[in-house]
**Student:** 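Sending over a structure as structure tokens; questions will come in a sec.
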Amino acid sequence: MTLAIVYSRASVGITAPLVTVETHLSNGMAGLSIVGLPEKAVKESKDRVRSALMNAHFDFPIRRITINLAPADLPKEGGRFDLPIALGILAASGQLPREVLTQYEFTGELALSGELRPVDGVLPMVLGAFQANRQLIVPAANAREAALVPKAQVLSATHLLDVCAHLKNESALTLCSMDISAPIIESVLDIADVKGQPHAKRALEIAAAGRHSLLFMGPPGTGKTMLASRLSGVLPPISDEEALEVAAVASISSNGFDPTHWKRIPFRSPHHTSSSVALVGGGRPPRPGEISLSHHGVLFLDELPEFSRHVLECLREPLESGCITISRAAFQSIFPAKFQFIAAMNPCPCGYVGSQSDECRCTGEQIKRYLGKISGPLLDRIDMHVEVARVSPHFLFEPQNNQTELSATVRERVIKAREYQQQRQGKCNTQLTVPELDNVANLEMEAQQLLAEVMTKYNLSARVYHRIVKLARTIADLENSTPITPAHLSEALNYRCLDRAKPYS
Ligand SMILES: Nc1ncnc2c1ncn2[C@@H]1O[C@H](COP(=O)(O)OP(=O)(O)O)[C@@H](O)[C@H]1O
Ligand SMILES: [Mg+2]
């Protein structure tokens, strides 16, 4: 028999579907052809495989070699199939035992010398191979990433010859291992650095406790960027499963996953010149964008109105659904995007409209155009809008003392409030559906009356109503209070400054 089967995996979104590499040797004109709709990079792998086999002193069969990568309709890019193709040729030509091959899956790009080079998207492959009950063999440079799933028992190799020696039972490959219990380097930005601004700090704590989206508005230099950058420092730690999803997204991104970032809460702050592809993902092959790289973490858009309107519109769908679908002619990639949204902006182009200390130089038309960039539907999806006024010099002179609250203290309260939410409803307040919210809201009668009055006075929609109740629920949770009292509700209303001002309508 001159047919060999080797298993490998492709990369689609954050999944890694199985690819069967079939190698057949037949009589006829000598040559190597790869079928199964491979892209250009796979064709290049022909040359690499040939050189690697010869440099590793194997025979390159002078026969007609046909390689089929099945199924044909999966996207196949990169050099990840080099190793499986080389092993297929070796097995089909009798230079390797065929039977053992099917217990394994392989990935790796070959250097011309036969050394193995790293590939991207290893983590989804590890999970796939583990579920299929086969052992994965990866290039040594991917070993630390592969070790994030310890139960998967992935093997790593530096050279094609090492893989062959392992398969021939001559010398075993090493298991991938990494000490993932190593301490996580905490964010160095502490909320204690921000002087004054108790209102904004409290808003940040509430946002963290219920995973609410938040917009800071105020003149330049008041600490909006400073405050937003300190959100991840007050968030609860992420679970192992969440960390694995975060790592899987990074693994398929162009930068790859850095194992020293294991369990770090993502915090992404793309520049306002970012394109929609950079923000939501895309390209060929599709790569995750900033919204997916901030999955289970924070997406911070500073100077929100400076982003192009089209880019901001792209955020609406993922804000609602928690994922993004990128469609190509042949297939769809779905990337997760459950991020906490935080933004900051000046109230007008010069930044001083409404300010008591400085005079605004903008015309009414300029202000309208500036604010018009952020559409009503996007604003509708933001739970909290908080004014950040200039801090009085008296606060700035004050040195930090033992009364200054540190991020760690705030974080403890946030963790407690999150625990109540988990016990009560298994999710954060911001993720509650309308019927779930009705069940858990527990608004006191007076709070109901207050809310009804405010809603009539400012002509608020049902969507806004639900946002306010969720927010009040989080404020009550921070106090471990079962009902929502009028005090909780009026505090929540404080974080909805745009409902009162309505500059957008
Ligand atoms: N409340 C504050 N406490 C301490 N420093 C502040 C505060 N607000 C502003 N600053 C100082 O001003 C700089 C600019 O703040 P930043 O957060 O970028 O302002 P904004 O984003 O509101 O324009 C900071 O780097 C910091 O040095
Ligand atoms: Mg700023």
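As the structure lists them, so they are numbered: ligands from 1, and atoms in each ligand from 1. As the structure is a computational prediction, the values presented were derived from the model and not from experiment.
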**Student:** Does any N or O atom in Gln197 lie less than 3.5 angstrom from one in ligand 1, N or O only?
**Tutor:** no
**Student:** How about Leu460 and Ile468: do any of their side-chain heavy atoms sit closer than 4.5 Å?
**Tutor:** yes
**Student:** Please round to the nearest 0.5 Å and tell me the distance separating atom OH of Tyr495 and atom CD1 of Ile206.
**Tutor:** 3.5 Å
**Student:** Counting from 1, what ligand 1 atoms have a heavy atom of Val194 closer than 4.0 Å?
**Tutor:** 1 (N), 3 (N)
**Student:** Of Pro220, Ala192, Gly221, Ala228, which has the heavy atom at the shortest distance from atom 12 (O) of ligand 1?
**Tutor:** Gly221
**Student:** What's the separation between atom CG in Leu437 and atom CZ in Arg473, rounded to the nearest 0.5 Å?
**Tutor:** 9.5 Å
**Student:** Among all protein heavy atoms, pick out the one at the shortest distance from atom 5 (N) of ligand 1; state its residue, atom name and that distance to 0.1 Å.
**Tutor:** Met226 SD, 3.6 Å
**Student:** Would you check if there is a donor-acceptor pair between the side chains of His295 and Ser292 at a distance under 3.5 Å?
**Tutor:** no
**Student:** Roughly how far apart are Leu279 CG and Leu299 CG, rounded to 0.5 Å?
**Tutor:** 6.0 Å
**Student:** Could any protein non-hydrogen atom be found less than 4.0 Å from atom 25 (O) of ligand 1?
**Tutor:** no
**Student:** Under a 3.5 Å cutoff, is there a donor and acceptor pairing between the side chains of Ser327 and Gln332?
**Tutor:** yes
**Student:** Name the closest protein heavy atom to atom 21 (O) of ligand 1, giving the residue it belongs to and the distance to 0.1 Å.
**Tutor:** Thr225 OG1, 2.6 Å
**Student:** Are any of the N or O atoms of Gly223 closer than 3.5 Å to those of ligand 1?
**Tutor:** yes
**Student:** Could you confirm whether Thr225 has any N/O/S atom lying under 2.8 Å from the Mg ion (ligand 2)?
**Tutor:** yes
**Student:** Verify whether one side chain among Glu145 and Ser251 offers a donor that lies under 3.5 Å from an acceptor in the other.
**Tutor:** yes
**Student:** For Asp193, which part has a heavy atom under 4.0 Å from ligand 1: side chain, backbone, both, or neither?
**Tutor:** backbone
**Student:** Of the protein's non-hydrogen atoms, which lies at the shortest distance from atom 1 (N) of ligand 1, and what is that distance?
**Tutor:** Lys195 O, 2.8 Å
